[in-house]
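For reference, positions follow the sequence shown, starting with 1. What you see is a predicted model, and the numbers here were worked out from it, not measured in a lab.
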Amino acid sequence: MTIRVIIVDDQAMVRAGFAALLSAQADIDVVGEAPDGRQGVEVSRHTHPDVVLMDVRMPEMDGLAAAREILNPPPGLERRPKVLMLTTFDVDDYVYEALRAGASGFLLKDAPPADLIAAVRVVAAGEALLAPSVTRRLIADFAAQRPVPRRNPALRLSGLTPRETEVLELIARGLSNQEIADRLILAEQTVKTHIGRVLAKLDLRDRAQAVIFAYESGLVAPGDAG
């Protein structure tokens, strides 16, 4: 099945480079481009992509506002693509807010080409791009910059089994499914089953929202050891 992608970035050379790279893949089809968030929303609604590559900072409408509109469409537009935020190294609260809004993760613009291709495939498959160590650190930074009251996790997490709570904590620490399996001495498929149950019980869209929930519920605190 071909993955339909649109690229939203105010730099024409970035759009052209990403489009050339992705279009060369047999399983990826670039179906549209836009130079700002407002046009990105319109292109998304007309082309029905599977994945939107969204720059964080753009004129007219920034990537955060555009991601919110795409991920919360008006009645009658039920299709929701996956949104992958594109950013430079010195990111800010925009990315954290985008994850809270439902984006599936973010990727540094200077990442190797193979990482971009893999990222598109990962989010298209319904996973969140949260495994790289830089992402773990940045999400912890965002949480540290936006402190929330430490609540009793039992009030928010009481529907989870002890094992599911443990899996959620390890997701928030940035461990991959295989790393969680190794840590808990479980089969990787069993870990996937636990993650599916965690998302369903907490009514979370994907792994990215699970990380945000874990920080905001107080289950994991910034700076906790992995």
Steps toward side chain to side chain contact (heavy atoms under 4.5 Å, CB included) verdict (Val5, Val31): CA-CA 6 Å; Val5 177; Val31 297; over 6 Å; no
If you round to the nearest 0.5 Å, how far is [atom2] of [Y] from [atom1] of [X]?
X      : Y      : atom1 : atom2 : result
Glu69  : Glu42  : CD    : CD    : 8.5 Å
Phe18  : Met13  : CZ    : CE    : 11.5 Å
Met54  : Ser44  : CE    : OG    : 7.5 Å
Arg45  : Ile6   : CZ    : CD1   : 11.0 Å
Arg68  : Asp62  : CZ    : CG    : 8.5 Å
Leu168 : Ser217 : CG    : OG    : 6.5 Å

If I compare all heavy atoms of [X] with all of [Y], which pair ends up nearest, and what's the gap?
X      : Y      : answer
Leu71  : Arg80  : O-NE, 2.9 Å
Ala19  : Ile7   : N-CD1, 3.4 Å
Ala172 : Ala214 : CB-CB, 3.4 Å
Pro81  : Val52  : CG-CG2, 3.9 Å
Val43  : Gly32  : CG1-CA, 4.1 Å
Gly40  : Ile70  : O-CD1, 4.3 Å

Report yes if some heavy atom in the side chain of [X] is under 4.5 Å from a heavy atom in the side chain of [Y]; otherwise report no.
X      : Y      : answer
Arg121 : Asp27  : yes
Lys201 : Glu164 : yes
Leu22  : Leu53  : yes
Val191 : Ile195 : yes
Val56  : Leu64  : no
Pro113 : Leu21  : yes
Leu186 : Arg163 : yes
Leu86  : Leu108 : no

Salt bridge (Lys or Arg N to Asp or Glu O under 4.0 Å) partners of residues 3-24, not counting sequence neighbours, each pair once: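 Non-adjacent pairs meeting salt bridge (Lys or Arg N to Asp or Glu O under 4.0 Å): Asp9-Lys109, Arg15-Glu33.
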Checking side chain to side chain contact (heavy atoms under 4.5 Å, CB included) for the pair Val8/Val41: CA distance, chi angles, key distance, verdict? CA-CA 9 Å; Val8 185; Val41 173; over 6 Å; no
Would you check if the side chain of Asp36 reaches a backbone N or O of Arg38 as a donor-acceptor pair within less than 3.5 Å?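 Confirmed, Asp36 side chain pairs with Arg38 backbone.
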Carefully, step by step, assess Asp50 and Lys82 under the rule salt bridge (Lys or Arg N to Asp or Glu O under 4.0 Å). CA-CA 6 Å; Asp50 299 302; Lys82 305 294 184 181; over 6 Å; no
Residue list, side chain to side chain contact (heavy atoms under 4.5 Å, CB included) with Ser23, at least two apart or on another chain: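 In terms of side chain to side chain contact (heavy atoms under 4.5 Å, CB included), with neighbours along the sequence ignored, Ser23 is linked to Val30.
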Results of side chain to side chain contact (heavy atoms under 4.5 Å, CB included) for Asn72 - residues two or more places apart only: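 Asn72 satisfies side chain to side chain contact (heavy atoms under 4.5 Å, CB included) with no other residue.
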Could you go step by step and tell me if Thr165 and Leu219 meet the side chain to side chain contact (heavy atoms under 4.5 Å, CB included) rule? CA-CA 9 Å; Thr165 301; Leu219 178 65; 3.9 Å; yes
NZ/NE/NH1/NH2 to OD/OE distance under 4.0 Å, Arg173 and Glu169: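 Salt bridge flag = yes for Glu169 with Arg173.
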